[in-house]
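One structure below.
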Amino acid sequence: METNEKRFEGTVLNGFLMLFVNLVLTLGFPAIFIYGLALIDAEWGSPAPFLLLGVIGSIITIILWCGFMMLEPNEARVITWFGKYSGTFAKAGYYWINPFYGSKKLSLRARNLDAEPIKVNDKVGNPVMIGLVLVWKLKDTYKALFEVDTQTMATTAQGQVGTDVKSIMNALEKFVRVQSDAALRQVAGQYAYDDEDGGAGELTLRSGSEEINQLLEQKLDDRLALAGIEVVEARINYLAYAPEIAAVMLRRQQASAIITAREKIVEGAVSMVKMALDKLAKEDVVELDDDKRAAMVSNLLVVLCGDDSAQPVVNTGTLNN
């Protein structure tokens with residue numbers, strides 16, 4: 001995406017060198033002023049030039065002290081010249097620039113947002129609770145300050161417009177939180193909660209974690225690009241039915257699990273009964289007519305599919321009894 005951010009090309013001097021120069025000037029100009037005062041009672045020399053130089057020099061020195069700035073790694077200063085954007089300076093160290101430049105410090109470090117779960121409706125209308133964790137960082141300082149009204153959003157409780165780095169970054173975090181909420185609602189509304197609500201083979205919130213997370217990341221990138229914010233990672237970290245339907249859905253899931261388990265049990269029982277009958281017939285252990293085979297099949301299925309342990313009955317008579 002096109003950006004208006006540019007590197008600051010103005011004069012930037014070493015801060016320690018200018019600190020030494022300013023200390024010399026801070027001591028020198030008052031000394032000149034005092035020397036001018038000493039000349040007032042003297043009959044030789046005019047005190048006016050020394051007094052004027054001392055006053056003007058002291059004022060200039062005070063102004064020069066306002067030009068110092070310090071940057072740590074992954075910090076940047078947006079430089080303006082009487083309201084006009086002059087560039088962004090992001091080199092770590094101690095520096096001095098023209099004091100008449102305005103500057104605002106911004107942090108380029110990664111930040112983490114753990115959004116509280118929100119209630120949304122999935123594709124089929126079921127209310128679900130869904131939350132996300134987001135890692136983001138500032139990429140474009142121009143957009144962050146001049147295309148999003150971060151300074152007004154950073155207004156303090158006393159009504160003062162926030163200009164410090166903490167206030168501005170907190171304002172950006174509020175922007176990220178609101179847009180994350182909107183993106184999460186948009187993504188969650190496109191998919192069903194699970195396979196039972198969606199169609200066969202359809203992507204769902206529970207089954208399609210990677211695809212859902214990639215789509216969520218894309219939606220967040222599109223929304224946050226306006227503020228010059230880059231999404232490092234976005235993941236759904238909480239997903240559940242809303243409390244008002246959670247109990248009903250849990251019973252449905254339990255019923256579904258029971259049916260699936262019963263299907264497996266019956267499938268195995270039928271296989272075992274068939275194996276038993278084939279084994280008896282193959283080894284000629286006993287000859288069973290249709291009625292006896294049906295009774296044996298019934299008894300074996302009851303034993304194999306029943307929840308309780310079977311109580312065997314020993315038949316001491318003959319098969320014809």
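Along the sequence shown, residues are numbered consecutively beginning with 1.
If you chain together hydrophobic residues whose side chains sit under 4.5 Å apart, Ile56 and Val21 fall into the same group. Under a hydrophobic clustering in which Ile, Leu, Val, Met, Phe, Trp and Tyr are joined whenever their side-chain heavy atoms come within less than 4.5 Å, directly or via other members, Trp65 and Phe16 fall into the same cluster. In terms of hydrophobic clustering, with Ile, Leu, Val, Met, Phe, Trp and Tyr side chains grouped at heavy-atom distances under 4.5 Å, Val165 and Leu108 are assigned to a common cluster. Hydrophobic cluster membership differs between Tyr241 and Met129, with clusters built from Ile, Leu, Val, Met, Phe, Trp and Tyr side chains linked at under 4.5 angstrom. Side-chain heavy atoms closer than 4.5 Å link hydrophobic residues (I, L, V, M, F, W, Y) into clusters, and following such links, even through other members, never connects Leu27 to Phe20.
Not a single donor-acceptor pair under 3.5 Å links the side chain of Thr80 to the backbone N or O of Phe82. Side-chain N or O atoms of Tyr85 include one that pairs as donor or acceptor with a backbone N or O of Lys6 at under 3.5 Å. In this structure a side-chain-to-backbone donor-acceptor pair under 3.5 Å is missing from Thr204 to Ala192. Judged by distance alone, the side chain of Glu5 and the main-chain N or O of Asp140 form no donor-acceptor pair under 3.5 Å. A donor-acceptor pair under 3.5 Å links the side-chain atoms of Asn213 to the main chain of Ile236, judged by distance alone.
Between Asn237 and Asp114, the side chains place a donor N or O and an acceptor N or O closer than 3.5 Å (distance only, hydrogens not considered). Residues Thr26 and Thr61 have side chains that never bring a donor and an acceptor to within less than 3.5 angstrom of each other. Side-chain atoms of Ser107 and Glu75 include no donor-acceptor pair closer than 3.5 Å.
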For Glu72 and Arg109: C-alpha separation, side-chain torsions, deciding distance, then whether salt bridge (Lys or Arg N to Asp or Glu O under 4.0 Å) applies. CA-CA 11 Å; Glu72 297 178 358; Arg109 297 169 181 142; 3.1 Å; yes
Would Leu13 and Thr11 count as a side chain to side chain contact (heavy atoms under 4.5 Å, CB included) here? Give the steps. CA-CA 7 Å; Leu13 302 179; Thr11 302; 3.9 Å; yes
Report the C-alpha distance between Phe89 and Val78 in whole Å, list the side-chain angles of each, state the deciding distance to 0.1 Å, and finish with yes or no for side chain to side chain contact (heavy atoms under 4.5 Å, CB included). CA-CA 6 Å; Phe89 186 78; Val78 177; over 6 Å; no
Determine whether Ile118 and Val120 satisfy the following criterion, side chain to side chain contact (heavy atoms under 4.5 Å, CB included), listing intermediate values before the conclusion. CA-CA 6 Å; Ile118 59 174; Val120 300; 3.9 Å; yes
Take Asn4 and Glu147 through the test side chain to side chain contact (heavy atoms under 4.5 Å, CB included) and record every step on the way to the result. CA-CA 10 Å; Asn4 291 320; Glu147 293 194 7; 4.2 Å; yes
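Scanning all heavy atoms of the two residues, the minimum distance from Ala76 to Ala90 falls at CB-CB, 4.0 Å. For Ala234 against Leu220, the heavy-atom pair with the smallest separation is CB-CD1, 3.6 Å. Taking all atoms of both residues into account, the shortest heavy-atom contact from Ala110 to Lys137 is CA-CB, 3.7 Å. Nearest heavy atom pair, residue Phe8 against residue Ser86, reads CD1-O, 3.8 Å. When all heavy atoms of Tyr193 and Asp122 are compared, the closest pair comes out as N-OD2, 3.1 Å. Between Gly228 and Lys143, the shortest heavy-atom distance links the atoms N-CB, 3.7 Å.
The structure places CH2 of Trp96 at 5.5 Å from CG of Leu64, a figure rounded to the nearest 0.5 Å. Rounding to the nearest 0.5 Å gives a distance of 6.5 Å between CG of Leu132 and CG of Leu113. Here CG of Leu138 is found 5.5 Å from CE of Met169. Values are rounded to the nearest 0.5 Å. In this structure, CG on Leu53 lies 8.5 Å from CD1 on Ile60, to the nearest 0.5 angstrom. Atom CG of Leu71 sits about 6.0 Å away from atom NZ of Lys105, to the nearest 0.5 Å. Going from atom CG of Leu239 over to atom CD1 of Ile130 covers 5.5 Å, rounded to the nearest 0.5 Å.
Between Phe100 and Ile63, the closest side-chain pair of non-hydrogen atoms falls below 4.5 Å. Counting only heavy atoms from C-beta outward, the side chains of Gln186 and Lys219 approach each other to under 4.5 Å. Looking only at side-chain heavy atoms (C-beta outward), Val133 and Tyr238 stay at 4.5 Å or farther from each other. Taking 4.5 Å as the limit, some side-chain heavy atom of Gln190 sits within range of a side-chain heavy atom of Leu215.
A salt bridge links Asp181 with Arg185: at least one charged nitrogen is closer than 4.0 Å to a carboxylate oxygen. Under the 4.0 Å criterion applied to side-chain N and carboxylate O atoms, Glu173 and Arg111 are assigned as salt-bridge partners. Using a 4.0 Å cut-off between charged side-chain N and carboxylate O, Arg235 and Glu217 make a salt bridge.
With Phe50 as the fixed residue, the ring-ring contact (aromatic ring centres under 6.0 Å, His included) test singles out one of Phe29, Phe33, Tyr35: Tyr35.
Ring pair Tyr95/Phe68: centre-to-centre distance not below 6.0 Å.
Within a 6.0 Å radius of OH in Tyr94, other residues, nucleotides and ligands contribute more than 12 heavy atoms.
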